Peer 1: 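This is the structure, below, for whatever I ask next.
Every value quoted in this text rests on a predicted model; they were computed, and no experiment measured them.
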Amino acid sequence: MTTHNALYKYLLFLGDNGLIQGHRLSELCSNGPILEEDLAMTNLALDHIGRAQAFLKYAGEVEGKGRTEDDLAYKRGEREFYNNLIAELPNGDFACTMARMLIVSSFEYLLFTALCTSKNATIAAIAAKAVKEAKYHFMHSRDWCYRLGKGTEESHRRLQNGFNEFWMFTGELFEMDADFAALANDGIGADLTVLKPQWLTLVQPILADSNIAIPNVDYMQTGSRNGIHTEYLGHILSEMQYLQRAYPDAKW
Amino acid sequence: MNTTETKSSFQDKLDQDLCIEPKDTMPDEYRKHLIRQISQHAHSEVIGMQPEGNWITRAPSLRAKQILLAKIQDEGGHGLYLYSTAETLGISREEMIEQLHTGKAKYSNIFNYPALTWADIGAIGWLVDGAAIVNQVSLQKTSYGPYARAMVRICKEESFHQRQGYEIMTNMMKGTKEQQEMAQDAMNRWWWPSLMMFGPHDSDSPHSGNAFVWKIKRKSNDELRQRFIDKTVQQAETIGLTIPDSDLKWNETKNCYDHGEINWEEFRRVVNGNGPCNKQRMTHHIKVHNEGAWVREAAAAYAKANAK
């Protein structure tokens, strides 16, 4: 049976993925290879931050301690974040950015599709909006994978490198712990083990059509379900939380 | 068509206050003037993304972060409109970017100042966008049709930007002593450069002569600057900010504010490349453009292969 704490943690997982991925995407503002893509990146960042705000607001309500979405975003430490590790990795070049976006957006498309039928009405409502965004993010990154994979020798090499960098973080996307299993069992959360074959079915043909080989990985990185992250997360938080930490009494 | 006919049909339209459209005949100097002005405007929108982008990752609330992201996205969109507008005059975006990189084309001087604290994001929205609106509202009636129409949409969005900047300043002035000091400090640093955005005094403005005759420019630099000062002083007073000008006072006779003299030596220094961020802004733009070359090449190669 789903515990109160399990739901709270699940909402942090959903919110933190949006927040941290949105942070990375927002770093790309004024760094796009063309102006149109600069706008696309800020738009994607905006979708992610908006989603984070919705899930974290609800997380604060579920927690019941009067904490707002901003309290949860800006006043938690490194070990209290539950986003997937892949969200916090540095952007790398444009091909890396697109490789990660394809991996994450295809996963999120399937996740939010499943959550649209959640028995929790708030999760279902946020998922209904998020799934439309994720579908667009997926199409955007898919088209860039085709362009880069089949564009030039250099773009192909860079895109393959992007998938090589991120592939060992894909296993974690589908990890279930006891809380996730209870949520799935109660029809509130998604069964991520079911999503894995769907995800491969979605992604494999795109990689094949982009002339990208699926990387051989000996070991899939893990840790975020227990709040164990890469070294990168601490730097993201120290930047993101700077004003709130430096001026704790201020309202902005 | 000979030169006399060109001048005649062009002048007829101007006399009737009709818009000049891309396929209309127009004097070469008119075309050149517009390309210079519109490309400078487009570059300003794009370079302006840098100082504001500097604060996205540090925005102090999720709401503030989303508003800032949306605002910067708008600015980039304005850049796109304006590059397209200039392209109707027979120059490519690639050429305009090259002119920016070689220094032939300029961008607004204001973005050569640094965004040092969060209050600067408020000041940029309120003062810089506020000044830009005053200028752009008058450009809604400029004689070149595509430019005038672009301005209508851009003004709507800039008006939202100005309000969000003012909201940041208002919240900070209602906040802690440290926040109030931060807001006043930003006001002190951005006020004078904002006044400089309108350009030199009318008596020293090198490009204005023909711009008036051709109805590209509808109000003078000093008229627009005065309009900005008159609307902004009261906004500052309402939230308790002090305008950093000891000579500022209401003139009953003229029914507007008198203000102190602008530091034109600083203006010229920054225009000539020696502002705090001139080098930083251009270095960044050139670096990103060059680093993106392989992406543009790949997209072009893919499009070419798929067009067959």
Side-chain angles (χ1 to χ4, degrees), chain A residues 19 22-43 45-46 49-50 52-54 56-57 68-70 72-74 93-95 98 143-144 146-156 158-159 236 239-244 246-247 249-252, chain B residues 42 45-66 68-77 79-80 83 93 97 117-118 168 171-172 174-176 178-179 182 284-285 287-289 291-306:
Chain A
L19 183 63
H23 182 96
R24 281 300 188 208
L25 286 164
S26 76
E27 291 173 345
L28 296 167
C29 176
S30 85
N31 288 299
I34 47 170
L35 189 50
E36 285 82 349
E37 204 51 33
D38 218 306
L39 298 184
M41 294 298 115
T42 38
N43 202 24
L46 199 49
I49 304 291
Q53 187 180 29
L56 293 180
K57 180 172 186 288
T68 65
E69 61 269 36
D70 284 339
L72 290 174
Y74 290 96
D93 65 14
F94 185 74
M98 285 303 135
D143 291 352
W144 271 109
Y146 292 149
R147 285 186 202 111
L148 299 179
K150 289 180 163 175
T152 64
E153 202 177 314
E154 181 179 9
S155 67
H156 175 264
R158 285 175 182 267
L159 186 65
I236 290 177
E239 187 174 348
M240 182 172 78
Q241 298 178 339
Y242 143 71
L243 275 172
Q244 289 270 359
Y247 303 97
D249 300 327
K251 293 208 185 316
W252 306 90
Chain B
E45 299 281 1
V46 173
I47 297 294
M49 295 168 76
Q50 290 185 37
E52 299 194 287
N54 177 40
W55 276 95
I56 295 174
T57 56
R58 292 176 290 172
S61 73
L62 296 179
R63 180 175 180 272
K65 197 188 284 283
Q66 288 173 87
L68 185 57
L69 270 165
K71 175 183 191 298
I72 298 173
Q73 210 186 359
D74 284 350
E75 309 291 10
L80 272 181
Y83 282 130
R93 201 201 302 183
I97 289 173
T117 71
W118 175 250
I168 290 175
N171 288 342
M172 292 185 76
K174 283 184 195 160
T176 64
E178 282 168 315
Q179 284 177 296
M182 208 186 275
H284 179 80
H285 196 276
K287 175 175 170 281
V288 169
H289 185 74
E291 283 175 359
W294 68 267
V295 179
R296 297 189 296 275
E297 282 161 19
Y302 180 79
K304 193 177 169 191
N306 282 276

Peer 1: Using non-hydrogen atoms only, which part of B/His284 is less than 4.5 Å away from chain A: side chain, backbone, both, or neither?
Peer 2: side chain
Peer 1: Using non-hydrogen atoms and a 4.5 Å limit, figure out which bit of B/Ala70 sits close to chain A: side chain, backbone, both or neither.
Peer 2: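 Interface part for B/Ala70: both.
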Peer 1: Check whether B/Gln179 gets within reach of chain A through its side chain, its backbone, both or neither, counting any heavy atom under 4.5 Å.
Peer 2: side chain
Peer 1: Sub-3.5 Å donor-acceptor pair from the side chain of B/Arg296 to the main-chain atoms of A/Pro33, do we have one?
Peer 2: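 Checking the backbone N and O of A/Pro33 against the side chain of B/Arg296, a donor-acceptor pair under 3.5 Å is found.
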Peer 1: Drop me the distance from A/Asp70's CG to B/Lys65's NZ, to the nearest 0.5 angstrom.
Peer 2: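 So the gap between those two atoms works out to 10.0 Å.
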Peer 1: Does any heavy atom of chain B fall under 4.5 Å from the side chain of A/Asp38, the backbone, both, or neither of them?
Peer 2: side chain
Peer 1: Side chain from CB out, backbone as N, CA, C, O: work out which of these in A/Tyr247 comes under 4.5 Å of a heavy atom of chain B, or both, or neither.
Peer 2: side chain
Peer 1: So which part of B/Glu291 gets closer than 4.5 Å to some heavy atom of chain A, the side chain, the backbone, both or neither?
Peer 2: neither
Peer 1: Can you tell me which of B/Thr176, B/Ile97, B/Asn306 forms the most heavy-atom pairs within a distance under 4.5 Å of chain A?
Peer 2: B/Thr176
Peer 1: Select one option (side chain, backbone, both, neither) describing which atoms of B/Thr57 are under 4.5 Å from chain A's heavy atoms.
Peer 2: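 B/Thr57 touches chain A through backbone and side-chain heavy atoms alike.
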Peer 1: Is A/Ala73 close to chain B through its backbone or its side chain, or both, or neither, when contacts mean heavy atoms under 4.5 Å?
Peer 2: side chain
Peer 1: Any chance you could measure A/Asn31, atom CG, to B/His285, atom NE2, to the nearest 0.5 Å?
Peer 2: 10.5 Å
Peer 1: Side chain to side chain contact (heavy atoms under 4.5 Å, CB included) for A/Leu35 and B/Tyr83? Distances and angles first, verdict last.
Peer 2: CA-CA 10 Å; A/Leu35 189 50; B/Tyr83 282 130; 3.9 Å; yes
Peer 1: When rounded to the nearest 0.5 angstrom, what is the spacing between CE in A/Met240 and CG in B/Leu62?
Peer 2: 7.5 Å
Peer 1: Quick one: closest heavy-atom pair of A/Gly151 and B/Ala301, and the distance?
Peer 2: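 Looking at all heavy atoms of both residues, the closest pair is O-CB, 3.6 Å.
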Peer 1: Which distance, rounded to the nearest 0.5 Å, do you find between the CG of B/Asp74 and the CG of A/Leu39?
Peer 2: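 Between B/Asp74 CG and A/Leu39 CG, I get 9.5 Å after rounding to 0.5 Å.
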Peer 1: Between A/Ala40 and chain B, with a heavy-atom cut-off of 4.5 Å, which part of the residue counts as in contact: side chain, backbone, both or neither?
Peer 2: neither
Peer 1: If you measure only the distance, is there a donor-acceptor pair under 3.5 Å linking the side chains of A/Thr152 and B/Glu297?
Peer 2: no
Peer 1: Given side chains that start at C-beta, do those of A/Leu243 and B/Trp55 come closer than 4.5 Å, heavy atoms only?
Peer 2: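 Side-chain contact under 4.5 Å: yes.
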Peer 1: Where does B/Ala299 contact chain A at under 4.5 Å (heavy atoms): side chain, backbone, both or neither?
Peer 2: both
Peer 1: Run through B/Asn54, B/Ile56, B/Leu69 and flag the one making a side-chain contact (heavy atoms from CB on, under 4.5 Å) with A/Cys29.
Peer 2: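 Result for side-chain contact (heavy atoms from CB on, under 4.5 Å) with A/Cys29: B/Ile56.
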Peer 1: Using every non-hydrogen atom in the two residues, find where B/Trp118 and A/Trp252 come nearest and quote the distance to one decimal.
Peer 2: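 Closest pair (atom of B/Trp118, atom of A/Trp252, distance): CD1-CE3, 3.6 Å.
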Peer 1: Quick one: are B/Trp294 and A/Asp93 in side-chain contact, heavy atoms under 4.5 Å?
Peer 2: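 Side chain of B/Trp294 against side chain of A/Asp93, heavy atoms only: contact under 4.5 Å found.
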Peer 1: Under a 4.5 Å heavy-atom cutoff, which of B/Ala64, B/Gly53, B/Gly292, B/Gly76 has the most pairs with chain A?
Peer 2: B/Gly76
Peer 1: Answer with side chain, backbone, both or neither: which region of A/Leu19 has an atom nearer than 4.5 Å to a non-hydrogen atom of chain B?
Peer 2: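 Looking at A/Leu19, just its side chain touches chain B.
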Peer 1: Considering all heavy atoms of both residues, which atom of A/Leu46 and which atom of B/Gln66 are nearest to each other, and what is their separation?
Peer 2: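 For A/Leu46 versus B/Gln66, the nearest heavy atoms are CD1-O, 3.3 Å.
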Peer 1: Under 4.5 Å from any heavy atom of chain B, what part of A/Gln244 do you find: side chain, backbone, both or neither?
Peer 2: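 Answer is side chain: those atoms of A/Gln244 sit under 4.5 Å from chain B.
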Peer 1: About how many Å separate NE2 of A/His23 and CZ of B/Arg58, when rounded to the nearest 0.5 Å?
Peer 2: 10.5 Å
Peer 1: To the nearest 0.5 Å, tell me how far A/Thr42 OG1 sits from B/Lys71 NZ.
Peer 2: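 Taking OG1 in A/Thr42 and NZ in B/Lys71, the distance rounds to 12.5 Å.
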Peer 1: Tell me, out of B/Ala303, B/Ser61, B/Ala59, who's got the most heavy-atom pairs with chain A below 4.5 Å.
Peer 2: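 Winner by heavy-atom pair count: B/Ser61.
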Peer 1: What I want to find out is whether B/Arg93 reaches A/Glu36 closely enough, with some N-O distance under 4.0 Å, to be called a salt bridge.
Peer 2: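 So B/Arg93 pairs with A/Glu36 through a salt bridge.
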